[in-house]
Protein chains: 2
Amino acid sequence: MRTYCYRGRMPRVVDHEERRWEIVYALWLVIAQHGIEGVSLRHVAAEAGVSMGRIQHYFGTKEALVLAGCTSLVQSAYGGYQETADAAPRERLLHVVSQQIPRDDAGRMGVSVWYAYVAKSINDSAVRQVLAEARRGAEEECVRLIRADRGAVGDGDGRSALEQARHLLALADGLTLRVLVGDLEPAEAVGMLEVEVGRL
Amino acid sequence: MRTYCYRGRMPRVVDHEERRWEIVYALWLVIAQHGIEGVSLRHVAAEAGVSMGRIQHYFGTKEALVLAGCTSLVQSAYGGYQETADAAPRERLLHVVSQQIPRDDAGRMGVSVWYAYVAKSINDSAVRQVLAEARRGAEEECVRLIRADRGAVGDGDGRSALEQARHLLALADGLTLRVLVGDLEPAEAVGMLEVEVGRL
DNA sequence: ACGATAACAATACGTTCGCATCGCAACCTG
DNA sequence: CAGGTTGCGATGCGAACGTATTGTTATCGT
């Protein structure tokens, strides 16, 4: 049984989280299909099958909506990583660096949206902060996983764990781009990452 | 002395190429400062210090202007590469992969615009074609340079020249992104690329 | 039953957009 | 100088935009 802070009067109750998520998902679809320049409250509302008023009610302004879409994207990626908690370090590492390679349409959409935000981050400091924090987190996690793997198997090839982590992540980013543009097959990209992880 | 195709009548003569380039440069500035969503004929016209009518006269439509900005960007990069024609293969290779790392404000602008187009290429097939062709050209050139370098020094480390080229280019893309977002120093990125090129 | 309030939907408003059009000035040829 | 042509600035239009505001409905303590 939930308790409400305001005593006495209780208004209509809905699942706010669910509502927000529906809107954010529609936002992602619009970004993936028409790019960030194609985002408008009307478009998103139509895609979600809701009214503009609802979006305004939950996010206030368009800028806030777009930013919320960014943080949601980061968190959903992090959620996917946490599901690998009971795997070996090397497996988890491979997941971190190859998770973003688009394998199906859903993954394709995710990466499209991701790169839309990357481009936006150049001129939008709020988005930039979110992405920078996510990247820092991924790098630190990679360093941890590489160290854990070294402890289990042996030491590295002379480079520091940080250098190796940066190398892997940068390579993954570049390969993702290639797959996204369409002149590299997902399997090839994943294969190259497997080789690189295997070399540790 | 120039000759004109239409005989008899000669209209007012201006340097079309120069005019087009002024407008394209202003377009780049707008993209770098406000992103591609911030591009409008009025904005670009104001940045270039010309009228909207002029832009329409030279490019017709906004979409054509944006696409022209993309091809110009590719060609300017290619022009920069051609200036290294009389350098050693290894030097040229390093130039190809590290040229895009932003070192100063001008480079920063170039890369910002580049990534804006990359994001746009996801939903714009015309831009995608231009970028895909550029990337294919870069890859082929890298393969050539790697083979030339092998011929001069010895053979590779077991991977094919194509694999090595892809690895280098993907790594460069990823590192560029990191520098652009701001959590990696240009010198560090270039250093990593030098190490990687040196390993060939 | 009632009144207060959250959760919206609907609408209205002012701005900005891309683009079409018009008109004039610059320019060359005859 | 007359006539024709290009270059392009100025203006206007309809559509689409983000946001503020207003109106309606559902819900629950009293």
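Proteins come first, then strands; the chains are lettered A, B, ... in the order of their sequence lines, and each starts at number 1.
The same ILVMFWY cluster, assembled from side-chain heavy atoms under 4.5 Å apart, contains both B/Y115 and B/L29.
Relative to the side chain of A/H43, the nucleotides C/dG18, D/dG7, D/dC17 differ in distance, and D/dC17 lies closest. Comparing atom distances between the B/H16 side chain and each of D/dC8, D/dT19, D/dG7 picks out D/dG7 as nearest.
Checked by atom type and distance alone, the side chain of B/S40 pairs as donor or acceptor with a backbone atom of B/H43 at under 3.5 Å.
When rounded to the nearest whole Å, the span between CZ of A/R19 and P of C/dA7 equals 10 Å. Rounded to whole Å, the distance from CD1 on B/I23 to C1' on D/dC8 is 10 Å. When rounded to the nearest whole Å, the span between CG of B/L41 and C1' of D/dT11 equals 15 Å. A/E37 places its CD atom 15 Å from the C1' atom of D/dA16, with the value rounded to the nearest Å. The CZ-C1' distance, from A/R20 to C/dA7, rounds to 14 Å in whole Å. Rounded to a whole Å, the CZ atom of B/R42 is 19 Å from the P atom of D/dC8.
Here B/V44 lies out of heavy-atom contact (under 4.0 Å) with every strand.
Grouping Ile, Leu, Val, Met, Phe, Trp and Tyr by side-chain contacts under 4.5 Å, direct or through others, puts B/L162 with B/V143.
The cationic atom of A/R92 (NZ for Lys, CZ for Arg) lies less than 6.0 Å from the six-membered ring centre of A/Y81 and within 45° of the ring axis.
The line from CD of B/E18 to CD of B/E22 is 4.5 Å long, rounded to the nearest 0.5 Å.
Within residues 52-69 of chain B, the residues that have a heavy atom under 4.0 Å from DNA chain C are, in order of number, B/M52, B/Q56, B/T61, B/K62.
Defined by atom type and a distance below 3.5 Å, a donor-acceptor pair is present between the side-chain atoms of B/Q164 and B/R150.
Residue A/S51 places no side-chain N or O under 4.0 Å from the OP1 or OP2 atom of C/dC8.
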